[in-house]
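Following: one structure in structure tokens, then a few remarks.
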There are 2 protein chains.
Amino acid sequence: MRNDHPELSWLREQGYRLTPQRLAILDVLRNTHGHLNPTEIYQRVSQDIPGLTEATVYRTLNFLAEQGLVLVAHLGRGRLVYEFTEHDHHHLICRQCGDMREIDHLELKGLYKQFLNNTGYQINTIHATFFGLCPDCQKDWSP
Amino acid sequence: MRNDHPELSWLREQGYRLTPQRLAILDVLRNTHGHLNPTEIYQRVSQDIPGLTEATVYRTLNFLAEQGLVLVAHLGRGRLVYEFTEHDHHHLICRQCGDMREIDHLELKGLYKQFLNNTGYQINTIHATFFGLCPDCQKDWSP
DNA sequence: CTTGCTATTGCAAGTAATTGCAATAGCAAG
DNA sequence: CTTGCTATTGCAATTACTTGCAATAGCAAG
């Protein structure tokens, strides 16, 4: 497990502690391409940290999300998934057929600038899920 | 309770049924300014529909969200809130102090057009929560 | 108005996520 | 290296949300 990531010393400077649980959870997220739900994360991390509890996984994921190190996506129907904040992207989901595609972070850059100008807010964590109708399902829609 | 809302006949045309439960839940959301969580909705609607169960509230909220009649916002820490889709807006939350402000739907119009051009998707439901740092908290951040 | 199809509900059980509290263990300071 | 402060964990209980199934009730058609 590598400990030499910049976000780790940043966390320590804030007064947070780098526990084996946090490091292992972050490590799994860092080395996973795509989303994981809390149970999947628990199962993987348990192999490294035998005594781990699910409560800690949930708490840690909330913590990491608050710190902006991981992204939470609400994919509808109460399903939450988590993902390391490296390759920022968002989701576009078709309400009809469930088809999902990714939207690159860069597509929203202009929007961030807009927010900065209008509100002074500096966006640094966001994960949006957009619901709409894909081209195919639009046909079924109009009478 | 008024039944003469356009979305209601649309639902019926899709083969969905207008049960008293659905009408009452929609009515509460329609007449509430701001967000409600499932429990708050359950408590209010129970007064009109004594036998109502929470399961039905959850199911109905998922249903209404899928149909695009209500918006779901995930405000962090696993708490979901629901809101009628009338005055579209989104949220900008400061990760540090928790300050929250609303972003008008229109600010994202350009983005929707972009999505339509690039992917063919027609966005009709979205509720995004953006996390960032408000102007005040940005001061504490840089060393 | 009656009938029949089936979407929706209530119930109860199951799964997912949060939380209070006492014990543990990071880590900064000496 | 030791010490002390307190953030974090595990445990167990609680709350939040989902789901299978049989009974109920919209509503379209006759």
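In the text below, chain A, chain B and the rest are named by the order of the sequence lines, each starting its count at 1. We use all heavy atoms of the structure for the numbers below, so side chains are in, but hydrogens, waters and symmetry mates are not. Computed from a predicted model, the values in this text were never measured in an experiment.
- A:Leu69 and A:Phe84 get closest at one heavy-atom pair: O-CD1, 3.6 Å.
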Practice task
Take nucleotides 5-15 of chain C nucleotide by nucleotide from the 5' end and write B, S or -, depending on whether a protein heavy atom sits under 4.0 Å from the base, only from the sugar-phosphate, or from neither.
Solution key: -BBSBBBB---
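- Regarding A:Leu61, its CG atom lies at a distance of 13 Å from the C1' atom of C:dA16, rounded to whole Å.
- Note: CD1 (B:Ile41) to P (D:dA16) measures 13 Å, nearest angstrom.
- Summarising the geometry, atom OG1 belonging to A:Thr56 is positioned 9.5 Å from atom CZ belonging to A:Arg22; distances are rounded to the nearest 0.5 Å.
- Using a 4.0 Å cut-off, some side-chain N or O of A:Asn62 falls inside it from OP1 or OP2 of C:dT18.
- Scanning all heavy atoms of the two residues, the minimum distance from A:Leu18 to A:Leu23 falls at O-CD1, 4.1 Å.
- Distance B:Gln14 CD to D:dG26 C1': 16 Å, rounded to the nearest Å.
- Distance CZ/B:Arg30 to CD1/B:Ile25: 12.5 Å, rounded to 0.5 Å.
- Considering all non-hydrogen atoms of both residues, A:Thr53 and A:Tyr42 come closest at C-CE1, 3.8 Å.
- Of all nucleotides present, only D:dG4 satisfies the Watson-Crick or G-U wobble test against C:dC27, with each distance under 3.5 Å.
- Distance CG (A:Leu11) to C1' (C:dC27): 14 Å, rounded to an integer number of Å.
- Between A:Tyr58 atom OH and D:dT15 atom C1' there is a gap of 13 Å when expressed in whole angstrom units.
- A straight line from CG of A:Leu23 to P of C:dG26 spans 10 Å, rounded to a whole angstrom.
- Base pairing annotation: C:dT15 forms a Watson-Crick or G-U wobble pair with D:dA16, both donor-acceptor distances under 3.5 Å.
- Shortest non-hydrogen contact noted between B:Gln21 and B:Ile49 is N-CD1, 4.0 Å.
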